[in-house]
Each structure stands twice: as structure tokens, then as C-alpha cells.
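Model, not experiment: these values are computed from the prediction. Keep in mind that the numbers below use all heavy atoms, side chains included, and drop hydrogens, waters and symmetry copies.
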Amino acid sequence: MGWPIIGETIEFLFGKPEKFVFKRMEKYSPDIFKTNILGEKTVVICGPKGHKFLFSNEQKYFTAFRPHSMQRMFRSYEHPKKAQIQHKREEEAKVLRSPGFLRPEALVHYLAKMDSITQEQMKAHWEGKAQVNAYPLTKTLTLTLACRFFLGIDEPERIARLVENFDDVTVGMHSLMVNFPGTRFYRATKAAKALRRELKSVIQEKKEGMGGGGQMHDILSHMIVAADPSGKHMAEAEIADKIMGLLTAGYSTVATAMAFFIKYVGERPNIYQKVLQEQKEIWGSKKAGELLEWDDISKMKYSWNVVYEVMRFTPPLQGTFREALTDFNYAGYTIPKGWKVYWTVSTTNKSPKYFPEPEKFDPSRYDDVCAFPPFTLVPFGGGPRMCPGKEYARLAILTFVHNVVKMFNWQLIYPNEKIIGDMMPTPEKGLPVHLKSH
């Protein structure tokens, strides 16, 4: 259980997540081990059987848990009693799923706008440049997309100002609660306050623009008019918290997948050529100026296999926490009520048992869906809490892939650039690349 109070938090946060997990799986058990991280007694349930058990027992044995650092930043979760927190989470899930904003049939209407925004970003920040830092640019793009989709705002300059704040919040969500200048937690809470202020002004503008009614083309509009059974509307502070959480989730993970696509494909010209060929067939079948359609996305099979391999190599999200609702038994052990359960992709992603030659980048692994056991590659989670934005992420990433290979070939300036970060993997130098325009 590590040191008193801090447990094994330092190694968990500042080491490689898969090393932290594999080391303990080897030492204790390939199925389950216990630890103490982020101030909580925690059990890590491992492997595909563990994934299946977690995903199929949501709300029976488990409920979502936010680490204390996250609760402090997203203040609407900080003080209420557990029953109220649980109710809030259920309401949050309803808001996301009920209007259907994230369903394919709704996203199909947003795809052309997504393509248009991506092209605008490419022209503004990539075109005509001999060299760019790819990682910051993928973040600007994904935050622009997320703000347009979730908030219905289209002001690139206003959005670009927020990138640094979102980065600080993302890094601080899993951090030691040490609140003095210079620490991750201090920077994160300061950034969360700035974001909350900006989001409250967006909410007020949106309310004025809606004029007490009007069409709801974004999630923020739906949150503003949504009411509980008693007719009570959400407070602005609570809406701001929920929107901040949505933007953080819909921005950082998508940007990470895009950036590491640039890295891993840039290292492998043969894979770049295959992606280019697939995308050429798509843009070759379109008239000048015609934007992407749903059928085009369905033709990007090889490109999506490449993205899956990117996410296996460097998962945009390492894992999430649950809380045990009751005592339960697993793999011969009893996990007590109130203990935290950590779910992580790291127990399977790099395991030679499930992925032969795990350090080989091989998109052909996904040609046969039966080539590896179920629940071994789950970058979007699974069960009732599967990432509701999975389809949104797929469209955003593939739209980026289409446009970047259509416009450029690229070379990594630092092929061995170090990947830093823990829960949020980051190229140390920002992933600088030489661009060669087609």
C-alpha cells in the first residue's frame, strides 16, 4: 500500500502507467492487486476478464468516482452528500444521451461543419509553413471543434485563449492536492476558475440569444432549458461545471490521438502511403469544394485501423475510477464497500498474450475482429459508461486524417522525442514536423 498517507501516488502519477500496472501484476497477480493512490484504498482489476466484469456490473457493484482533486475543481461535486452526487451523475448522463447530440444520426448533420472547420484551421496554421509544432495545433483544432459543437460558439481567438487553461485542468484532475504556487493542483484550480468565468459569460450570452426559446443546436442550449421533474433549472455554476468537464473530455483525448497519429505515421512511410491511397480515392470521387459525407467516413477502414493502433500504443485516456457500492467478490478476494476500483487499458494494450509483438505498429491486426479476445482493446471503455463521445471522436479524428494527408507529407524533426506526462501523454517538444505540401 506504499507510504503512509500518499501511498503509491507518486509512482502512479509520475511513472509510466503501464509500468506501474505490469510491475504489480507480475509481483502479485495478473487478475487483481490493491494499492493506495490519490488518498484512496484502491483495487486494480486487470485483464479482459476484469474489463468485462467492470463493464457488466455498473450500478450493481460500481458507480463512477471522481478523485478529490477533480471534485475540488468541478465544484458542483465537492460538497453535496453521496446520494446527491449520484443523482447529479445520473442527470449528467441523461443530458448527454437524451437529446441524441452524440448519436450518429445527429452527428451526420455536423460532419460537413467539422470538415469545414478543419480545413479553415489547416489553412490558417499549417498551409505555407515549412515547419509546425503539431501537438499545439491539434489542441487548437479540437478545442475549436468542441466549442462549436458543445457551446455553439464560433470565435477562434476567444477559444485559443483557453487552450492553456484546459491543459492545466486536464493535468490537475489527477494530482496531489498540494495548493501552493507552482504545483499542478494550484495551476489547475486557478485555470478552472478562469474557465468558469468565461463559460458563465458564454451561458449568459446564449440565454440572451435564445430569447426564452428558439432552436437548440448544441448541448449548452439543451442544458439551459433542461429542468428536473419539479421544474427547477440547473444553476449557471452547475452548467459551467458540466460544460467544462465535457470540453475537457472532448478536447484533450481527441487532440492526443491526432498528434500521435502524426508521430507514428510520420515514422512509417509505408503506412502513410496506404492511408494516402485510401484518402485519395475518397477525395478523387468528390467535386471541388464538396465536403465530407457519412459514406466517406465509412470508407476510411484502413485509416481507422491505424488510429486504433495509435490508441493501443499511446492511449489518450489511461483509465478511470469507480467506487464499490457494496462488498463484492472477484478472483478469490473480497473488495469492501467504499473502496475505489481503478480501470485501466494498460493491463491489456501492451500484453504479448493478446497482441503478438506488442511493440510492433501493425494496423493489420484489426483486419480480423476475432484476432484478439474481446475486452482486450477498449480505448473508449465499455458497458453503460462507454464514452458517449466515441462517435464524435471518430469523426473528428478521421476528418483530421483526411485533410492532413490530402495536404501534406511530413517528417518528424525529433524521431525519438520523449513522451512525458502520466494520465495525459504529451510529446516533450510539441511534436515539431517538417511539412511538404502536395
Side-chain angles (χ1 to χ4, degrees), residues 1-17 20 35-42 63-82 84-86 88-89 92 136 139 143 161-203 235-253 255-256 317-323 338-342 344 420-426 428:
M1 301 293 279
W3 296 89
I5 303 171
I6 62 168
E8 298 189 298
T9 303
I10 302 295
E11 198 177 343
F12 174 73
L13 288 180
F14 300 104
K16 289 277 183 192
F20 178 89
T35 179
N36 182 346
I37 46 179
L38 299 170
E40 297 287 346
K41 291 175 180 175
T42 304
T63 187
F65 172 75
R66 287 178 171 84
H68 299 291
S69 51
M70 205 184 292
Q71 290 179 35
R72 184 70 64 85
M73 273 181 279
F74 298 89
R75 291 182 311 192
S76 58
Y77 288 98
E78 189 184 359
H79 299 300
K81 294 174 183 174
K82 281 193 175 181
Q84 291 173 299
I85 292 173
Q86 182 55 33
K88 281 176 181 288
R89 286 180 187 144
E92 188 177 272
K139 291 194 288 186
L143 189 53
R161 284 203 319 266
L162 306 176
V163 168
E164 201 172 309
N165 288 329
F166 277 107
D167 282 349
D168 285 341
V169 167
T170 306
V171 170
M173 286 195 304
H174 300 93
S175 63
L176 291 167
M177 286 174 62
V178 182
N179 198 18
F180 56 81
T183 63
R184 285 179 172 191
F185 184 70
Y186 178 84
R187 287 197 303 271
T189 48
K190 194 176 170 188
K193 281 178 190 170
L195 286 175
R196 200 174 278 108
R197 275 196 307 271
E198 185 68 33
L199 288 170
K200 280 184 178 176
S201 73
V202 171
I203 291 163
E236 284 186 6
E238 194 174 341
I239 295 173
D241 268 3
K242 283 177 169 45
I243 285 290
M244 181 161 52
L246 279 174
L247 288 172
T248 303
Y251 141 73
S252 59
T253 52
T256 300
L317 180 69
Q318 292 293 342
T320 57
F321 288 89
R322 304 282 194 273
E323 183 173 349
W339 270 50
K340 305 306 175 279
V341 179
Y342 181 59
T344 171
I420 58 171
D422 31 74
M423 301 301 278
M424 183 183 173
T426 306
E428 187 177 38

Any [X] side-chain heavy atom under 4.5 Å of [Y] side chain:
X: Met1; Y: Lys41; value: yes
X: Thr35; Y: Phe12; value: no
X: Glu40; Y: Glu323; value: no
X: Phe185; Y: Val178; value: no
X: Val163; Y: Pro136; value: no

Looking at [atom1] of [X] and [atom2] of [Y], how far apart are the two atoms once the value is rounded to the nearest 0.5 Å?
X: Leu199; Y: Leu247; atom1: CG; atom2: CG; result: 6.5 Å
X: Gln71; Y: Phe65; atom1: CD; atom2: CZ; result: 5.5 Å
X: Lys193; Y: Arg197; atom1: NZ; atom2: CZ; result: 8.5 Å
X: Asp241; Y: Glu236; atom1: CG; atom2: CD; result: 12.5 Å

Minimum heavy-atom distance [X]-[Y], with the two atoms named:
X: Val169; Y: Leu195; value: CG2-CD1, 3.8 Å
X: Ala191; Y: Asn165; value: CB-O, 3.4 Å
X: Leu38; Y: Thr9; value: N-OG1, 2.8 Å
X: Gln318; Y: Thr344; value: O-OG1, 3.0 Å
X: Thr189; Y: Arg72; value: CG2-CG, 4.5 Å
X: Arg196; Y: Met244; value: NH2-CE, 3.7 Å

Under the side-chain hydrogen bond (donor to acceptor under 3.5 Å, both in side chains) test, which residues partner Asp167, sequence neighbours left out? Lys139, Tyr251
Considering residues, nucleotides and ligands other than Glu428, do more than 12 of their heavy atoms fall under 6.0 Å from its CD? yes
What is the ring orientation for Phe321 with Tyr342, classed by angle as parallel under 30°, tilted 30 to 60°, or perpendicular over 60°? tilted
Can you tell me if [X] uses its side chain to pair, donor with acceptor, with the backbone of [Y] under 3.5 Å?
X: Thr248; Y: Thr170; answer: no
X: Arg322; Y: Lys340; answer: no
X: Glu11; Y: Phe20; answer: no

Sorted by chain and number, sequence neighbours left out, side chain to side chain contact (heavy atoms under 4.5 Å, CB included) with Lys190 holds for Tyr186
